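Nothing here was measured: the structure is a model prediction, and the numbers come from that model. Along the sequence shown, residues carry numbers from 1.
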Amino acid sequence: MWAVTRSIKFQNKLAKEAIINALKSRSKEMFQDGDMLIRAFTNVTENSIEIFHLFKNKEYVNKQRSVWTNQFWQDIREMGGNVSFTEGECEVEYSPYINLEDFKKIE
């Protein structure tokens with residue numbers, strides 16, 4: 001599996017909310033094709049966020065970048081947002097007590 005974490009600092013809370021909504025709307029198909037497995041949003045401050053993505057593989061991530069995400073992140077930078085990211089191969093463990101009802105399923 002392949003994980004990508006984005007750290008974004010926005011100019012203000014309104015910009016943060018608008019970009020998160022745009023990202024959710026635009027990336028819904030990545031859940032539909034089954035290659036993006038998990039996405040988690042961590043509100044760090046009123047105008048900054050960490051986004052964790054878990055994908056089946058690196059090839060899918062590279063394909064999506066070439067299709068639209070590179071431009072999406074560049075647009076955020078042009079609007080004054082500060083974007084950084086880390087990524088790498090990921091090993092995932094989970095608890096036998098996990099309750100899928102605690103998660104929001106994208107359909």
Side-chain touch [X]/[Y], heavy atoms, less than 4.5 angstrom:
| X | Y | answer |
| --- | --- | --- |
| Leu23 | Arg39 | yes |
| Lys24 | Ile106 | no |
| Trp2 | Asn57 | no |

Can you tell me how far the [atom1] atom of [X] sits from the [atom2] atom of [Y], to the nearest 0.5 Å?
| X | Y | atom1 | atom2 | result |
| --- | --- | --- | --- | --- |
| Lys104 | Asp102 | NZ | CG | 14.5 Å |
| Met79 | Gln74 | CE | CD | 10.5 Å |
| Ile8 | Ile49 | CD1 | CD1 | 7.0 Å |
| Phe10 | Ile20 | CZ | CD1 | 5.5 Å |
| Ser66 | Gln71 | OG | CD | 12.5 Å |
| Thr5 | Glu87 | OG1 | CD | 9.5 Å |

How far apart are the C-alpha atoms of Asn43 and Lys16, what are their side-chain angles, what is the distance that settles it, and do they pass the side-chain contact (heavy atoms from CB on, under 4.5 Å) test?
CA-CA 10 Å; Asn43 289 303; Lys16 176 183 165 184; 2.9 Å; yes
Audit row: Met30, Asp35, side-chain contact (heavy atoms from CB on, under 4.5 Å) steps and yes/no
CA-CA 6 Å; Met30 292 193 301; Asp35 288 307; over 6 Å; no
Membership question, hydrophobic clusters at under 4.5 Å side-chain separation (ILVMFWY): are [Y] and [X] in the same one?
| X | Y | answer |
| --- | --- | --- |
| Leu100 | Tyr94 | yes |
| Val4 | Phe41 | yes |
| Met1 | Phe85 | no |

Looking at every heavy atom in both [X] and [Y], which two are closest together, and how far apart are they?
| X | Y | value |
| --- | --- | --- |
| Ile51 | Trp73 | CD1-CH2, 4.5 Å |
| Glu50 | Ser7 | OE2-OG, 2.6 Å |
| Ser48 | Thr45 | OG-OG1, 2.6 Å |

Counting neighbours of CD on Glu78 that are heavy atoms of other residues, nucleotides or ligands and sit closer than 6.0 Å, is the number greater than 12?
yes
Can you classify the ring geometry of Tyr60 versus Phe55 as parallel (below 30°), tilted (30 to 60°) or perpendicular (above 60°)?
tilted
I'd like to know whether Asn21 forms a side-chain hydrogen bond (donor to acceptor under 3.5 Å, both in side chains) with Glu17, so could you lay out the CA-CA distance, the side-chain angles of the two residues, the decisive distance to 0.1 Å, and finally the verdict.
CA-CA 6 Å; Asn21 288 334; Glu17 291 171 359; over 6 Å; no
